[in-house]
Amino acid sequence: MKKSILLLSTLLSASTAMAEKVELRTPNNSLVLDLNKGAEPQFVYYGPALKSQDIAQLPLLSGGRAELYPAYGATHTTSETCLAMRHADGNMSTQLLISDYKIASVKDKAPNGAERSGELLTITLTDPLYPTTVRLYYQSYDDVDMIEYWSDITNGEKKTVTLTQFYNPLLPVRRGNVWCSHFHGTWAAEAHLYDEPLTNGTIVLKEKDGIRNAFISRNEVMLSLDGKAQENEGAVIGASLLYSGPYRVTIDTDDTDYHYYFAGINPDNSEYHLKKGETFTTPHSAITYSTKGTNGVSQAFHRWARRYQLRHGNQERMILLNSWEGVYFDINAPGMDQMMKDIASMGGELFVMDDGWFGDKYPRNVDNSSLGDWAVDTRKLPDGINGLLRDAKKNGVKFGIWIEPEMSNTVSELYEAHPDWIIKAPGREPVLGRGGTQVVLDMANPKVQDFVFNLVDTLLTNYPEIAYIKWDANAPVMNHGSQYLPMQDQSHLYIKYHEGLIKTCQRIREKYPDVVIQDCASGGGRVNYGLLPYFDEFWVSDNTDALQRVRMQWGTSYFYPAIAMASHISAAPNHQTFRTIPLKFRIDVAMSGRLGMEIQPKNMTDEEKDLCRKAIADYKKIRPIVQFGDLYRLLSPYAGQDLASVMYVGEDKKQAVFYWWKLETFMNQHFPRVKMAGLDPNKTYTIHELNRIDTRPLDFEGKSFSGAYLMNVGLEIPKSHIVEYHKQNDWSSRVLYLSAE
Ligand code: DGJ
């Protein structure tokens, strides 16, 4: 649908105007603001696309605070504000009124390098008392229901001003029965879903790790406006802050008729000194509005991510074996060769050598040394990377390599040469992380940025056949201090670190647009849309237990598409939970994301390898549906029904894949029949089970049903597998492939 911008009530000249209501539109959503010169910008409406006569009639907000960008002190003191600053003379009050606004069609490059088009609304605000200028930006997309918005603040004063709070513009949400879905977790338990009603008071989601901002909570929220979230029905707003650093998201409910959603950089210990003439730009927020429940929001985010916010979102991902859980630090040339041979024999396409391959003076045999010394340990790999590339070629797979560029150990040649490159509190001993020696390099320092760039540059220049990099980060900021930043700007540490990181990633992508890069941080510590434009995928979690993965991948899928979710088949008992899960179930879960393996194949039986070989062959057939199709979450693992189910439907609705996982086993257990979603009711779909282990086919194997039947009635899935007696166990799962002519 063609976007449109309506400027009503006043004449407009070319692209600059002073009008009242301004509409920014995406294919199915409208955002309406009220903009009057000399007044504060007002929020009017965000929801389904409006007709022009409705916009003309739209009332201004009543029963709530409509100001889009309240600044602290002059007129806003009793409620949460977007901006708070100390002027050069110490005045803590700011008043921001519209001096101008303009709308322009834009065609530019999205952060992942893709061409995009839409409209850009720029609202310029100034303070009658001080030469402070704030610009608010709203950018729409022509082809996806996403609006991004952000701000920048320019100091026109003669001296430095201090910013103490810098949220993006707020979003008011009418009270009613509004529920908030958000994500909480920790290492090895990322992205667990929590749903709660919004009542009076404030919900705050924040991360203060400094490096890995997605462990404990995620900055994304879904706000379900028609009561508790439903997957395929009801109005839902989805919002994400596209930032890699510490954030703060606040949903504030006061004595008015509205909830107020704020998102931005976490201002804790991060006051920002803005010098005369400088401009501070906030990270973007992205919002979408769906009338089709949480799935509608997820699909909009997935579509937008694949097109604009994820590297190579339109290219199929390779099926890989990663060496970590198979050998940990025990890297050696014959072992790598064997793993390459094994994954190739099962149909895999890529082998990734994880941690443990480097270190000269200090070999990396455990996690207490060598980060930063990125030279091959020739005691382990006598023929170096060339030898590995030679073996990969011989085995017919691509080769990938692990690095942790932003880190060092106090036991390393790098630290011996550059102790001044690490983050540490002035005058204090560094606090040490993983292995008792890990330290974080200061990405605020341009020399460190060059070092990180050069590491990737050297690898990819010397070994252009490296097809994949796993970029890890396994430490938080443990004591506050930059040895690079001046003492008066120590509070810039987090902001400058992440600016430096993004700058370096951009530099890498300019020179190496094609290499596949995984975003990993002790698992899913860095699953955020600030970094993903430079990465192809992320490691969901260091926890590869398939049962817990069902929950983590469910939560992760709210905002992130399957193409980016690295999901690996690992050993039993599982290395994190020690649970013993049969291979069939482990495969069925891994196949719902970007399939890979994280196991020592030489410990697998021939029968197990055979099952994997077949699964990999089948995954190649369903890969376009999983990686580019629309996700429908059907039955939540959080619903307490001991069952979970999702499906992916191809764009033309001719093919789909259905997943069904039993999560618990009791006698006298009664499962609901799962209704499918997203199919064409008028098409006829033939069912074929993948990864079958039963000795006889399912009753509906090879049979055809209308989409309407599958969605209104659903298939009766047997509770357990029919296998030989000695193979029986308490686990059960199914993957069904649906195809229509
Ligand atoms: C943490 C990652 O999440 C793991 O997959 C692995 O790469 C280790 N680091 C290696 O040290």
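Just follow the structure's listing: the first ligand is 1, and inside any ligand the first atom is 1. All figures in this text were calculated on a predicted structure; none of them were measured in a lab.
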At less than 4.0 angstrom from any non-hydrogen atom of [X], what atoms of ligand 1 do you find?
| X | result |
| --- | --- |
| Asn474 | 1 (C), 9 (N) |
| Trp539 | 3 (O), 5 (O) |
| Asp355 | 10 (C), 11 (O) |
| Ser522 | 1 (C), 3 (O) |
| Gly523 | 3 (O) |
| Lys470 | 4 (C), 5 (O), 6 (C), 7 (O) |

Could you tell me whether the side chains of Glu207 and Ser217 share a donor-acceptor contact shorter than 3.5 Å?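 No pair is found: no donor N or O on one side chain lies under 3.5 Å from an acceptor on the other.
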Arg434: heavy atom below 4.0 Å from ligand 1, yes or no?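 Contact present.
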Should the pair [X] and [Y] be assigned to parallel (<30°), tilted (30 to 60°) or perpendicular (>60°) ring geometry?
| X | Y | value |
| --- | --- | --- |
| Phe183 | Phe559 | perpendicular |
| Trp304 | Tyr529 | perpendicular |
| Tyr494 | His480 | perpendicular |

Contact check, side chains of Glu349 and Leu320, non-hydrogen atoms, under 4.5 Å: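 No. Closest side-chain heavy atoms not under 4.5 Å.
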Determine the sole option in Asn479, Asn368, Thr410, Asn409 for which the side-chain contact (heavy atoms from CB on, under 4.5 Å) test with Leu432 is passed.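 Option passing the side-chain contact (heavy atoms from CB on, under 4.5 Å) with Leu432: Thr410.
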Between Cys520 and ligand 1, which residue portion shows a heavy-atom distance shorter than 4.0 Å: side chain, backbone, both, or neither?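 Within the 4.0 Å criterion, Cys520 contacts ligand 1 through side-chain atoms alone.
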Side chain, backbone, both or neither: the part of Glu404 lying under 4.0 Å from ligand 1 by heavy atom: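 Contact part for Glu404 vs ligand 1: neither.
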What residue and atom, counting heavy atoms only, is the protein's closest point to [atom], and at what distance?
| atom | value |
| --- | --- |
| atom 3 (O) of ligand 1 | Asp542 OD1, 2.4 Å |
| atom 2 (C) of ligand 1 | Asp472 OD2, 3.2 Å |
| atom 6 (C) of ligand 1 | Asp354 OD1, 3.5 Å |

Flag this pair as yes if the NZ/CZ of Arg311 is under 6.0 angstrom from the six-membered ring centre of Trp471 and inside a 45 degree cone about the axis; otherwise no.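 So Arg311 doesn't make the cation-pi contact.
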State whether Asp519 and Arg526 are salt-bridged, where the test is any N-O pair (Lys NZ or Arg NE/NH1/NH2 against Asp/Glu carboxylate O) under 4.0 Å.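 Between Arg526 and Asp519 there is no salt bridge, as every charged N stays at least 4.0 Å from the carboxylate O atoms.
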